[in-house]
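Everything below concerns the one structure shown next.
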Number of protein chains: 2
Amino acid sequence: MAVKRVTIKMIAQEAGVSPATVSRVVNNKRNVRPEVAERVREAIRKLDYHTNEVARGLVRGTVDTFGVVVPDISNTFFSRICKAIQNTVMPTGAAVFLHNTDGILNRERQIIKELASKLIAGIFLVAPRMPATEIRTLSEELGVYPVVVDARVENCRLAAVWVDNVTAFIEASEHLISKGHKRIGFIAGPLAVANSKDRLDGYRIALRNHGIKEDTSLIYESDFTIEGGYKTAKEMFRKKNPPTAVLCSNDLMAIGVLSYLHKEGVKVPSEVSIVGCDDIDVASSLFPPLTTVSQPIYELGVTAAQMMLQYTSTNEVPHNSILHAKLIIRNSTSNVQQRKSESETRLAEQLSHNAQVQEERDNR
Amino acid sequence: MAVKRVTIKMIAQEAGVSPATVSRVVNNKRNVRPEVAERVREAIRKLDYHTNEVARGLVRGTVDTFGVVVPDISNTFFSRICKAIQNTVMPTGAAVFLHNTDGILNRERQIIKELASKLIAGIFLVAPRMPATEIRTLSEELGVYPVVVDARVENCRLAAVWVDNVTAFIEASEHLISKGHKRIGFIAGPLAVANSKDRLDGYRIALRNHGIKEDTSLIYESDFTIEGGYKTAKEMFRKKNPPTAVLCSNDLMAIGVLSYLHKEGVKVPSEVSIVGCDDIDVASSLFPPLTTVSQPIYELGVTAAQMMLQYTSTNEVPHNSILHAKLIIRNSTSNVQQRKSESETRLAEQLSHNAQVQEERDNR
DNA sequence: TCTCTCCTTGAAAACGCTTTCCAAAATAGC
DNA sequence: GCTATTTTGGAAAGCGTTTTCAAGGAGAGA
């Protein structure tokens with residue numbers, strides 16, 4: 001689609017000055033007489049000139065654009081971060097490239113290189129599996145400013161912003177403990193990502209602090225999806241002596257658990273309490289509204305963007321930012337129901353019976 | 001962050017050929033002796049050379065990048081479209097700029113111009129309020145290929161892909177009618193966007209086809225959000241003679257309605273049936289699982305991307321694509337409960353009583 | 001052996017901008 | 001009124017590619 005674009009030369013001719021002068025006006029350099037500047041601006045307006053960002057990028061060696069690399073942009077968590085970055089960075093005139101990686105390490109590496117070849121200034125990385133040292137060497141080699149989002153990266157001369165998940169999950173666990181729960185199930189995200197591990201650690205610390213012995217049969221690893229939560233709940237509640245409360249590493253899995261328990265006719269919160277994490281949009285509109293660890297998602301993005309802007313302008317690695325999550329207590333948690341040993345058994349039996357029936361049905 | 005980048009000249013020197021030859025090898029042009037080509041590739045590997053996309057963009061006059069412009073990237077609907085575009089376009093080596101507009105027309109215009117100044121090849125536009133003619137003239141002026149996503153644009157020599165919302169909503173309405181519902185509430189999205197209007201039209205057509213007289217007091221305009229749905233439900237059910245079913249223009253509003261009815265103790269679906277639209281992730285995990293018009297969201301993005309690739313390579317406006325939605329029947333709809341006239345009144349009264357109590361509580 | 005192709009290769013000119021270097025003009029200092 | 005300094009604006013040199021054009025070489029047909 002060839003189109004004659006207005007160039008700086010045409011403006012120069014129109015205003016009766018040289019291209020150099022037009023450039024100076026466009027970039028607000030001093031050393032241009034006000035009346036000349038005005039004549040140039042007039043010409044720009046008249047011909048509807050817009051600087052060719054690519055040509056500018058070539059001479060400057062960098063382009064006013066950032067890359068945002070996330071595992072899955074269709075996940076609300078990440079898309080909210082993107083939005084925050086967008087909104088914060090846009091007023092400076094910068095644009096953002098968006099890239100999806102599905103969390104695949106090699107694709108992340110690939111994408112970082114591709115972005116560098118487009119001369120972007122900086123890169124926001126939500127890549128929980130990529131080692132900090134690699135991020136640093138890679139970005140140094142490529143001449144790109146990195147800001148790591150939502151991953152705890154300490155002592156690494158690397159700009160990063162993350163949430164204190166350990167404390168958050170201590171608090172969430174203590175909320176359940178204070179309601180009398182002792183058998184608290186935990187559904188972790190993939191333990192290869194540090195955040196998942198931190199959340200599990202918070203849960204463990206809280207248990208220990210309150211003299212509750214950890215029961216590894218109550219701890220499951222899943223994948224942050226609704227289906228994952230559903231399946232895990234199925235396993236968890238089919239066993240004897242099921243938990244009276246379930247703490248999930250994110251809301252989607254909590255929704256899966258909720259959905260499973262609904263289906264089995266188990267009442268939430270009266271029979272089982274549930275706590276999620278993230279506080280996504282629908283969390284407050286579920287039935288019952290979900291008690292959850294509210295992550296400052298938007299703030300995560302805004303902070304990252306601010307760090308980036310500071311980074312690129314001062315050329316100094318900004319200090320890390322640690323944000324805090326907040327427990328939002330809604331109606332999916334309540335005091336533990338005093339189950340008699342026999343009724344506990346009954347619940348487990350009923351559930352495993354249901355499951356069996358279901359399986360038979362599936363097999364047909 | 002200044003970094004000495006490997007240039008084509010360095011490769012040329014290393015391989016003992018001219019830059020032109022290196023360029024030919026990089027771009028897989030014929031007319032290079034295999035042994036020379038191999039020597040060049042060797043040098044590229046050795047020095048880890050990556051083409052400077054900006055320089056290439058300058059000479060070619062365009063850059064292998066597309067812009068994606070959406071109202072709100074944190075909305076699952078749009079982020080799924082983005083993901084689909086991404087995934088479809090990535091294998092060709094293209095990247096995408098992402099831009100949020102909050103649906104503000106002027107910002108959309110602004111962004112389109114900014115993107116053009118970056119010499120992008122094409123632009124995916126989810127901008128339901130922008131007139132088709134404007135899109136066409138703007139993109140012609142700027143030399144950018146436009147593909148309009150999720151908006152019905154006919155007879156305009158403009159590439160577009162959309163969903164047949166009228167038929168979809170006829171079907172959804174008929175589902176309710178077949179269950180005996182006659183008083184069906186409708187919550188529309190902003191009627192300034194064509195899709196909202198089409199959905200309402202579908203509802204009206206279905207009603208007319210089945211001899212049900214339209215009752216304008218059952219039709220509301222809202223804003224596609226959970227809160228909007230909640231508030232609208234509140235209004236709707238406070239009136240005398242409330243509907244026995246509610247058809248919502250999207251799932252988020254349906255969730256709002258569901259949430260309101262839950263709070264008021266109204267049983268879904270036995271007392272009131274609900275139908276949503278989109279089939280977002282959580283729709284199947286709600287309580288009850290939501291009957292909804294499943295939009296082929298991902299397909300919308302994939303199709304748009306394919307059209308774009310065809311468009312840019314052939315330089316011919318591709319034919320429009322019309323996709324079809326599918327009604328997914330879950331458990332939020334059931335046969336209408338035979339309400340006696342008195343009990344109808346009772347429901348309304350109860351609700352309006354609840355509302356009053358609530359308001360008093362709020363005022364304190 | 002000589003001419004005519006065809007293929008391979010290199011030199012050089014763009015692409016549109018920024019920036020450095022200079023010269024001219026304007027101002028200041030004495 | 002003359003020199004020293006600052007302002008102003010033009011010319012030109014890149015930035016790293018691609019692409020055009022022409023030259024050189026190899027093979028084929030006479």
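A note on names: the letters A, B, ... follow the listed sequences, proteins ahead of strands, and every chain is numbered from 1. What you see is a predicted model, and the numbers here were worked out from it, not measured in a lab. What you see below is based on every heavy atom in this structure, not just the backbone, and it leaves out hydrogens, waters and symmetry mates.
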Minimum heavy-atom distance A/Tyr311-A/Pro318, with the two atoms named: CG-CD, 3.6 Å
Taking the six-membered ring for Trp and the single ring otherwise, decide whether the centroids of A/Phe97 and B/Phe97 are under 6.0 Å apart. yes
Identify whether the distance between the nearest side-chain nitrogen and carboxylate oxygen of B/Glu53 and B/Arg56 falls below 4.0 Å. yes
Non-hydrogen atoms of A/Val6 and A/Met10 that approach each other most closely: CA-SD, 3.8 Å
Quick check: closest heavy atoms across B/Ser139 and B/Pro146, and the distance to 0.1 Å? OG-CG, 3.3 Å
Can you list every salt bridge (Lys or Arg N to Asp or Glu O under 4.0 Å) pair that touches residues 108-120 of chain A, not counting sequence neighbours? A/Arg109-A/Glu134
Might you point out which heavy atoms bring B/Ala55 and A/Leu58 nearest each other, and give the distance in Å? CB-CD1, 3.6 Å
Compute the bend angle of the helix from C/dT1-D/dA30 to C/dC30-D/dG1 from the end axes (five pairs per end), rounded to 10°. 40°
Hey, where on DNA chain D does chain A first and last touch, going 5' to 3'? Cut-off is any atom under 4.0 Å from a heavy atom. D/dT8 to D/dG16
Pairs meeting criterion salt bridge (Lys or Arg N to Asp or Glu O under 4.0 Å) with involvement of residues 14-26 of chain A, two or more places apart: A/Glu14-A/Lys46
Please set out all donor-acceptor pairs under 3.5 angstrom arising from side-chain atoms of residues 147-157 of chain B, sequence neighbours excluded.
{"unit_1": "B/Asp150", "atom_1": "OD1", "unit_2": "B/Asn195", "atom_2": "ND2", "d": "3.2"}
{"unit_1": "B/Asp150", "atom_1": "OD2", "unit_2": "B/Asn195", "atom_2": "ND2", "d": "3.2"}
{"unit_1": "B/Arg152", "atom_1": "NE", "unit_2": "B/Asp198", "atom_2": "OD2", "d": "2.9"}
{"unit_1": "B/Arg152", "atom_1": "NH1", "unit_2": "B/Glu154", "atom_2": "OE1", "d": "3.3"}
{"unit_1": "B/Arg152", "atom_1": "NH2", "unit_2": "B/Asp198", "atom_2": "OD1", "d": "2.6"}
{"unit_1": "B/Arg152", "atom_1": "NH2", "unit_2": "B/Asp198", "atom_2": "OD2", "d": "3.1"}

Contact pattern, 5' to 3', of nucleotides 4-17 of chain C - B, S or - by protein heavy atom under 4.0 Å: ----BBBB---BBB
Ignoring hydrogens, what is the shortest heavy-atom contact between B/Arg80 and B/Tyr298? Give both atom names and the distance. O-CD1, 4.1 Å
